[in-house]
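Beneath this line is the structure, given in structure tokens, with notes to follow.
Position 1 is the first residue of the sequence, and the numbers go up from there. Order of appearance sets the numbers: ligands from 1, and atoms from 1 within every ligand.
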Amino acid sequence: MTTPSGNEVLFDRIAIIGIGLIGSSLARGLKEKGLAREIAIHDASAEAMRDAKALELGHHYCASAGEAVANADLVVLAVPLGAYADLAPMVAPNLKQGAILSDVGSVKQAVIRDLGPSLPEGVHFIPGHPIAGTEHSGPKSGFAALFHGRWCVLTPTPGTDEGAVARLKALWTALGSQVEIMTASHHDQVLAITSHLPHLIAYTIVDTATFLEDETMQEVIKFSASGFRDFTRIAASDPIMWRDVFLNNREAVLEMLGRFTEDLTALQRAIRWGEGEKLQEVFTRTRAIRRGIIDAKQA
Ligand SMILES: NC(=O)c1ccc[n+]([C@@H]2O[C@H](COP(=O)([O-])OP(=O)(O)OC[C@H]3O[C@@H](n4cnc5c(N)ncnc54)[C@H](O)[C@@H]3O)[C@@H](O)[C@H]2O)c1
Ligand SMILES: O=C(O)C(=O)C[C@]1(C(=O)O)C=C[C@@H](O)C=C1
């Protein structure tokens with residue numbers, strides 16, 4: 001069946017657990033495109049539930065995760081990674097046969113570890129990760145266009161039903177994303193360098209600046225027009241979400257951090273010994289990478 005927006009209804013009932021930035025953006029996108037007949041929402045925070053209702057993000061506002069997922073064809077967990085293990089016993093026994101269970105968490109191996117063992121036979125488990133976000137949190141900060149033109153990675157384990165993967169892929173495509181399928185461990189390695197390490201560096205720079213002398217601090221604020229300001233945006237990202245990302249992708253982040261530290265030390269040496277050529281060589285290489293990213297976007 002097609003909707004007035006010309007899209008197909010892809011699922012009868014979608015349950016979203018966690019209606020913050022990502023969950024509410026998903027709900028908005030689903031509603032805007034009419035991709036689900038019913039959206040059931042559960043969030044542990046009374047304030048988030050109040051906001052979700054006021055914003056009319058769904059059709060059913062459920063007091064428990066179990067109630068929300070019962071009868072759902074697709075369940076999407078959109079909570080911090082640290083909440084998955086607690087949610088598993090409430091979600092797993094209430095999933096209907098043939099349902100797809102997915103999520104949007106920023107790390108993927110930990111999700112398989114925390115949810116996989118408790119899932120009943122006949123449920124299709126397809127972890128996912130939209131590579132799209134902002135530094136804001138909560139239901140009020142979401143928007144339907146968040147996923148437009150962005151990647152969404154799916155990490156099904158071997159043997160997952162291909163039809164179920166195709167249905168989930170169709171959903172993310174209808175929301176405006178390009179879908180890529182890869183293993184959870186490859187995802188975690190790639191994201192460690194492209195997303196997790198940059199956040200760690202931003203948190204560190206802003207924290208280091210905070211501990212400067214008072215007078216210097218005033219100057220930091222006054223002159224933070226460009227480079228530093230970009231770091232403060234990233235460093236304003238949700239503390240709980242990012243605590244959980246680092247605790248759940250420990251190995252890959254530590255590996256990338258080790259390489260990064262070595263490269264930083266090499267630059268430190270080049271500065272100390274006045275090796276201008278070395279500095280210029282690195283900066284020329286990185287400038288080409290940035291230009292490559294921009295060209296790829298415009299292509
Ligand atoms: N923020 C981003 O840029 C971004 C991008 C892609 C993926 N993600 C991932 O999406 C997930 C959600 O992030 P977000 O930015 O939407 O966070 P958010 O803080 O905006 O929303 C999370 C919501 O989960 C709720 N919650 C926490 N524990 C819960 C529980 N046990 N049961 C039910 N609800 C619970 C919170 O009350 C909150 O409303 C995280 O796993 C994160 O890694 C975030
Ligand atoms: O633009 C931002 O604010 C983001 O940090 C988004 C970002 C990223 O690193 O690209 C952050 C975490 C996610 O898991 C996915 C996307």
For this session: Find all atoms of ligand 1 within a distance of less than 4.0 Å from any non-hydrogen atom belonging to Ala83, and give their numbers and elements.
Result: 28 (N), 31 (N)

Seminar exercise, completed: Rounded to the nearest 0.5 Å, the CG atom of Asp244 sits from the CG atom of Asn249 at a distance of 12.0 Å

Exercise. Just which atoms of ligand 1 are under 4.0 Å from any heavy atom in Gly133?
Worked result: 2 (C), 3 (O)

Problem set entry | Closest protein heavy atom (residue, atom, distance) for atom 22 (C) of ligand 1 | Ala78 O, 3.7 Å

Exercise. What residue and atom, counting heavy atoms only, is the protein's closest point to atom 16 (C) of ligand 2, and at what distance?
Worked result: Ala132 N, 3.7 Å

Check: residues 16-24 side-chain donor-acceptor pairs under 3.5 Å, at least two apart:
unit_1: Ser24; atom_1: OG; unit_2: Gly20; atom_2: O; d: 2.7
unit_1: Ser24; atom_1: OG; unit_2: Leu21; atom_2: O; d: 3.4
unit_1: Ser24; atom_1: OG; unit_2: Arg28; atom_2: NH1; d: 2.9
unit_1: Ser24; atom_1: OG; unit_2: Pro139; atom_2: O; d: 3.2

Exercise. For ligand 1, is Val104 a contact, meaning one of its heavy atoms is under 4.0 Å away?
Worked result: yes

Problem set entry | Per-atom contacts of ligand 1 with Thr134, taking only distances under 4.0 Å to non-hydrogen atoms | 1 (N), 3 (O)

Problem set entry | Minimum side-chain heavy-atom gap Phe246-Leu254 below 4.5 Å | no

Problem set entry | Under 4.0 Å to a heavy atom of Gly18 - the qualifying atoms of ligand 1, by number | 24 (O)

Exercise. Can you find an N or O of Pro130 that's nearer than 3.5 Å to an N or O of ligand 2?
Worked result: no

Exercise. In terms of residue, atom name and distance, what is the protein heavy atom nearest to atom 13 (C) of ligand 2?
Worked result: His129 NE2, 3.5 Å

For this session: Return the option from Arg233, His199, Arg150 holding the heavy atom at the smallest distance from atom 5 (O) of ligand 2.
Result: His199

Exercise. For ligand 2, is Trp151 a contact, meaning one of its heavy atoms is under 4.0 Å away?
Worked result: no

Exercise. Which ligand 2 atoms, with their elements, are less than 4.0 angstrom from a heavy-atom of Trp242?
Worked result: 11 (C), 12 (C)

Exercise. Taking everything shown except Arg113 itself, do over 12 heavy atoms lie less than 6.0 Å from its CZ?
Worked result: yes

Problem set entry | Carboxylate-amine/guanidinium proximity below 4.0 Å for Arg243 and Asp238 | no

Problem set entry | Within-4.5 Å side-chain heavy-atom neighbours: Ser106 and Met241 | yes

Seminar exercise, completed: One finds that the ligand 1 atoms under 4.0 Å from a non-hydrogen atom of Gly105 are 41 (O)

Exercise. Hey, are Asp12 and Arg37 close enough for a salt bridge, meaning a charged N less than 4.0 Å from a carboxylate O?
Worked result: yes

Problem set entry | Per-atom contacts, ligand 2 versus Glu135 - under 4.0 Å to a heavy atom | 3 (O)

Problem set entry | Nearest-neighbour protein heavy atom for atom 44 (C) of ligand 1, which is reported as residue plus atom name and distance | Met241 CE, 3.4 Å

Exercise. Atom 13 (O) of ligand 1: which protein heavy atom is closest, and how many Å away?
Worked result: Ile22 CG1, 4.2 Å

Problem set entry | Heavy-atom nearest option to atom 34 (N) of ligand 1, drawn from Ala44, Gly142, Ala48 | Ala44

For this session: Scan side-chain atoms only and decide if Tyr84 and Asp103 contain a donor-acceptor pair under the 3.5 Å cut-off.
Result: yes

Exercise. Applying a strict 4.0 Å limit to heavy atoms, is Pro80 in contact with ligand 1?
Worked result: yes

Exercise. Is there a donor-acceptor pair closer than 3.5 Å between any side-chain N or O of Asp207 and the backbone N or O of Tyr203?
Worked result: no

Exercise. What do you reckon, does Val79 have a nitrogen or oxygen under 3.5 Å from a nitrogen or oxygen of ligand 1?
Worked result: yes

Problem set entry | Met182 backbone acceptor or donor facing Thr155 side chain under 3.5 Å | no

Problem set entry | Glu180 side, atom CD; Trp172 side, atom CH2 - distance, nearest 0.5 Å | 15.5 Å

Exercise. Judged by modelled atom types alone, do Glu38 and His60 share a side-chain donor-acceptor pair under 3.5 Å?
Worked result: yes

For this session: Please could you name the atoms of ligand 2 that Ser195 approaches to less than 4.0 Å, counting only its heavy atoms?
Result: 8 (C), 9 (O), 11 (C), 12 (C)

Exercise. Got a sec: does the CD of Glu275 have more than 12 other heavy atoms crowding it under 6.0 Å?
Worked result: yes

Problem set entry | Close-contact set for ligand 1 against Ala132 heavy atoms, below 4.0 Å | 5 (C), 6 (C)

For this session: Please examine the side chains of Asp230 and Arg233, heavy atoms only from C-beta on, and report whether any two atoms are closer than 4.5 Å.
Result: no

Problem set entry | Pairwise distance NE2(His124) to OG1(Thr160) - rounded to 0.5 angstrom | 9.5 Å

For this session: Tell me which one of Gly20, Cys152, Ser137, Ser141 gets a heavy atom nearest to atom 19 (O) of ligand 1.
Result: Ser137

Problem set entry | Gap separating the CH2 atom of Trp242 from the NE2 atom of His196, nearest 0.5 angstrom | 5.0 Å

Exercise. Less than 4.5 Å apart, any side-chain heavy atom of Ile201 and any of Phe231?
Worked result: yes

Problem set entry | For His129, atoms of ligand 1 separated by under 4.0 Å from a heavy atom | 6 (C), 7 (C)

Problem set entry | Heavy-atom gap Pro139 to ligand 1 smaller than 4.0 Å | no

Exercise. Below 3.5 angstrom, do we get any N/O pair linking Gly138 and ligand 1?
Worked result: yes

Exercise. So, does His196 sit close enough to ligand 2 that a heavy atom of it is under 4.0 Å from the ligand?
Worked result: no

Problem set entry | Proximal ligand 1 atoms for Pro130, defined as those under 4.0 Å from one of its heavy atoms | 6 (C)

Exercise. Between Ser106 and ligand 1, which residue portion shows a heavy-atom distance shorter than 4.0 Å: side chain, backbone, both, or neither?
Worked result: both

Exercise. Out of curiosity, is Glu135 lining ligand 1, as in a heavy atom under 4.0 Å away?
Worked result: no

Exercise. Nearest heavy atom to atom 23 (C) of ligand 1: which of Val76, Leu21, Val107, Asp43 does it belong to?
Worked result: Asp43

